[in-house]
> 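The structure that follows is given in the form of structure tokens.
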Amino acid sequence: MAFPRPRPARPELPRRRVRTLECGQGAVRAVRFNVDGNYCLTCGSDKSLRLWNPHKGTALRTYQGHGYEVLDAAGSFDNSQLCSCGADKTVALWDVATGQVVRKYRGHAGKVNCVQFNEEATIIVSGSIDSTVRCWDCRSRRPDPVQVLDEAKDGVSSVKVSDHEILSGSVDGRVRRYDLRAGQLYSDYIGSPITSVCFSKDGQCALAASLDSTLRLLDKETGELLGEYTGHRSTAYRLDCVLSEQDTHVGSASEDGNVYFWDLVEGSLALSLAVGRGVVQSLSFHPTLPCLLTATEGHVQLWREETFQPEGDAAT
């Protein structure tokens with residue numbers, strides 16, 4: 001006789017601040033988990049990029065090479081390389097172990113807001129205030145991009161990459177999805193300048209945050225509006241939106257010093273985290289655990305679920 005499987009535990013949200021990292025990089029412009037969530041990157045207004053183990057609170061390496069503040073960064077699937085971008089109009093490819101710049105890509109006409117690797121880390125995709133998304137070949141010595149996507153009518157604020165798609169959000173109020181297999185562009189008009197976009201884990205939906213203080217969940221294939229989430233404040237800054245590790249909740253940074261989480265299906269506010277007094281600049285949700293990184297002013301905070309027990313040391 002087969003016993004019924006136990007009911008899966010209700011997904012928890014990160015509610016407890018476990019650790020604070022004093023980054024020493026000026027204002028932290030972005031914080032990003034690596035692919036497995038064991039490490040994170042912080043982008044500083046002092047032109048530096050730092051690699052951390054946020055769970056232990058240890059800084060592992062600092063990467064110097066940008067000429068102006070660093071605005072975004074990402075790690076490759078095998079953790080051997082990093083890419084970053086900044087207000088110096090460049091995209092940089094780094095060797096994690098040596099700390100050296102492997103290659104610098106110059107081609108954008110303005111500051112570069114966002115950067116991502118493709119799945120194999122052979123291509124870097126970057127989005128800029130110059131209204132273009134550019135794709136750079138990591139293995140080639142060619143200085144020019146392999147592709148330029150110039151459909152946006154205003155600055156590109158956010159890009160995400162799946163195995164066969166590029167999702168971009170622009171200040172022109174549109175979410176664009178480039179299906180690279182089919183050679184198709186799908187465009188959805190939101191109306192308000194978009195600050196951040198992301199795919200759901202199941203690949204069915206796209207989440208977009210915009211400057212009318214609203215998050216919108218869109219059906220990726222049809223563009224149908226599946227949900228709207230409000231209650232936070234986003235009117236001036238480029239703030240991040242996230243989905244929790246099981247796609248059960250959507251989250252957003254806010255200009256009032258809080259982070260908000262809503263139930264994805266019901267649309268109801270599930271949690272308001274008091275992070276700090278200033279604007280919450282950046283968010284990153286762990287790929288597999290109820291664990292969140294928040295960046296505000298010059299530091300990063302690590303949040304875990306209520307039942308989490310830190311190993312060995314007391315929470316700071």
Side-chain angles (χ1 to χ4, degrees), residues 27-32 43 45 68-72 85-87 89 108-116 125-134 148-161 165-178 185-200 205-220 223-243 250-260 262 267 278-284 294-296:
V28 178
R29 294 296 180 217
V31 60
R32 301 286 180 247
C43 305
S45 65
Y68 210 65
E69 58 185 14
V70 186
L71 297 176
D72 197 11
C85 64
K89 309 181 190 176
H108 280 296
K111 71 177 182 179
V112 189
N113 286 323
C114 44
V115 72
Q116 290 270 293
V125 179
S126 59
S128 164
I129 199 173
D130 70 5
S131 310
T132 68
V133 173
R134 291 173 190 247
V148 178
L149 308 171
D150 57 3
E151 284 77 15
K153 303 290 184 284
D154 208 330
V156 176
S157 55
S158 181
V159 293
K160 293 294 185 295
V161 182
E165 301 160 301
I166 297 171
L167 186 69
S168 77
S170 170
V171 180
D172 69 8
R174 285 188 178 274
V175 177
R176 292 176 175 85
R177 181 170 63 90
Y178 299 88
L185 164 61
Y186 302 92
S187 176
D188 292 299
Y189 186 61
I190 301 292
S192 180
I194 290 161
T195 62
S196 179
V197 291
C198 55
F199 287 112
S200 58
C205 306
L207 182 67
S210 52
L211 288 183
D212 57 357
S213 301
T214 307
L215 265 59
R216 291 174 178 85
L217 188 70
L218 305 172
D219 183 295
K220 202 182 73 177
E224 181 188 351
L225 182 64
L226 301 176
E228 286 191 308
Y229 312 91
T230 56
H232 62 300
R233 193 168 83 232
S234 172
T235 58
Y237 293 86
R238 191 164 59 88
L239 302 183
D240 288 336
C241 62
V242 294
L243 282 137
V250 302
S252 175
S254 178
E255 290 162 13
D256 60 11
N258 296 327
V259 171
Y260 294 87
W262 296 264
V279 175
V280 182
Q281 281 277 339
S282 183
L283 296 181
S284 187
T294 60
T296 177

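On a predicted model such as this, the values are computed, not experimentally measured, just so you know.
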> Work out which heavy atom in Q116 is nearest to a heavy atom in V159; give both atom names and the distance.
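Scanning both residues completely, I find the closest heavy atoms to be CG-O, 3.4 Å.
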> Can you list everything that forms a side-chain contact (heavy atoms from CB on, under 4.5 Å) with D154? Sequence neighbours excluded, please.
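Partners of D154 by the side-chain contact (heavy atoms from CB on, under 4.5 Å) criterion, ordered by chain and then number, come out as S170, V171, D172.
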> So do the side chains of V242 and C198 get within less than 4.5 Å of each other, counting heavy atoms only?
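No, side chains not in contact.
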> Are I190 and T214 close enough that some pair of their side-chain heavy atoms sits under 4.5 Å apart?
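Side-chain contact under 4.5 Å: no.
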> Does Y229 have any side-chain hydrogen bond (donor to acceptor under 3.5 Å, both in side chains) partners at least two apart in sequence or in another chain, and if so, which?
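Applying side-chain hydrogen bond (donor to acceptor under 3.5 Å, both in side chains) to Y229 gives none.
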> Which atoms form the tightest heavy-atom contact between E151 and K153, and what is the distance?
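In terms of heavy atoms, the two residues are closest at O-NZ, 3.1 Å.
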> Hey, are the side chains of V70 and R29 touching, using non-hydrogen atoms and a 4.5 Å cut-off?
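V70 does not reach R29 side chain to side chain.
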> Tell me, please, which residues at least two apart from A87 pass side-chain contact (heavy atoms from CB on, under 4.5 Å).
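Listed in chain order: Y68, E69, L71, K111.
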> Could you give the distance from NZ (K160) to CD1 (I166), rounded to the nearest 0.5 Å?
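K160 atom NZ to I166 atom CD1 measures 13.0 Å (nearest 0.5 Å).
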> If you measure from CZ on R174 to CG on D188, what distance do you get to the nearest 0.5 Å?
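Spacing of CZ (R174) from CG (D188) equals 8.0 Å.
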> Apply side-chain contact (heavy atoms from CB on, under 4.5 Å) to D219 and list each qualifying residue two or more places apart in sequence or on a separate chain.
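side-chain contact (heavy atoms from CB on, under 4.5 Å) list for D219, sorted by chain: E221, T222, E224, L226.
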> For V31 and S282, work out which heavy atoms get closest and say how close.
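In this case the closest contact between V31 and S282 is N-OG, 3.1 Å.
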> Are L225 and R216 close enough, and set up right, to give a side chain to side chain contact (heavy atoms under 4.5 Å, CB included), and what steps lead you there?
CA-CA 7 Å; L225 182 64; R216 291 174 178 85; 3.7 Å; yes
> Under the side-chain hydrogen bond (donor to acceptor under 3.5 Å, both in side chains) test, which residues partner D72, sequence neighbours left out?
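Partners of D72 under the side-chain hydrogen bond (donor to acceptor under 3.5 Å, both in side chains) test: R32.
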> Can you confirm whether V197 sits close enough to L207 that some side-chain heavy atom of one is under 4.5 Å from a side-chain heavy atom of the other?
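Result no, sub-4.5 Å side-chain heavy-atom pair not found.
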> Output yes when a side-chain donor or acceptor of S196 lies under 3.5 Å from a complementary backbone atom of C241, and no otherwise.
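Checking the backbone N and O of C241 against the side chain of S196, a donor-acceptor pair under 3.5 Å is found.
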> Test your reading of the model: is there a side-chain donor-acceptor pair from S252 to the backbone of Y260, 3.5 Å cut-off?
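Such a contact is absent between S252 side chain and Y260 backbone.
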> State which residues pass side-chain hydrogen bond (donor to acceptor under 3.5 Å, both in side chains) with S126; sequence neighbours excluded, sorted by chain then number.
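Applying side-chain hydrogen bond (donor to acceptor under 3.5 Å, both in side chains) to S126 gives H108, W136.
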> Please give me the minimum heavy-atom distance between E255 and T235, naming the atom from each residue.
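So the minimum-distance heavy-atom pair works out to OE2-N, 2.8 Å.
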> Do L283 and V280 have side chains that approach each other closer than 4.5 Å (heavy atoms only, starting at C-beta)?
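L283 reaches V280 side chain to side chain.
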> Check whether any side-chain heavy atom of V279 lies under 4.5 Å from a side-chain heavy atom of L239, and answer yes or no.
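Touching, per the 4.5 Å side-chain cut-off.
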> Can you see which heavy atom on S131 is nearest to which on G155, and at what distance?
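S131 and G155 have their closest heavy atoms at OG-N, 3.7 Å.
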> Is the backbone of H232 close enough, under 3.5 Å, to the side chain of S254 for a donor and an acceptor to pair up by distance?
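Answer holds: no.
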> So which heavy atom on W262 is nearest to which on L215, and how close?
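Looking at all heavy atoms of both residues, the shortest contact is CZ3-CD2, 4.0 Å.
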> With side-chain hydrogen bond (donor to acceptor under 3.5 Å, both in side chains) as the criterion, how do N113 and S157 come out once you've worked through the C-alpha distance, each side chain's angles and the decisive distance to 0.1 Å?
CA-CA 6 Å; N113 286 323; S157 55; over 6 Å; no
> So, using side-chain contact (heavy atoms from CB on, under 4.5 Å) as the criterion, who are the partners of S192 when residues are at least two apart?
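If we apply the side-chain contact (heavy atoms from CB on, under 4.5 Å) test to S192, skipping adjacent residues, the hits are S210, L211, D212.
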> Suppose we screen for side-chain hydrogen bond (donor to acceptor under 3.5 Å, both in side chains). Which residues come up paired with T230, at least two apart in sequence or across chains?
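By the side-chain hydrogen bond (donor to acceptor under 3.5 Å, both in side chains) rule, T230 matches no residue at all.
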> Look up atom CG in D256 and atom OG in S234, then write down how far apart they are to the nearest 0.5 Å.
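One finds 10.5 Å between CG of D256 and OG of S234.
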> Who are the salt bridge (charged side-chain N to carboxylate O under 4.0 Å, His left out) partners of E165, not counting sequence neighbours?
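Testing E165 for salt bridge (charged side-chain N to carboxylate O under 4.0 Å, His left out), a comparison that skips the adjacent residues, returns R177, K220.
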> Restricting to salt bridge (charged side-chain N to carboxylate O under 4.0 Å, His left out), what partner residues turn up for R238, sequence neighbours left out?
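For R238, no residue satisfies salt bridge (charged side-chain N to carboxylate O under 4.0 Å, His left out) once neighbours in sequence are set aside.
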> OG/S200 to CG/L243 distance, rounded to the nearest 0.5 angstrom?
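Result: 6.5 Å between the selected atoms.
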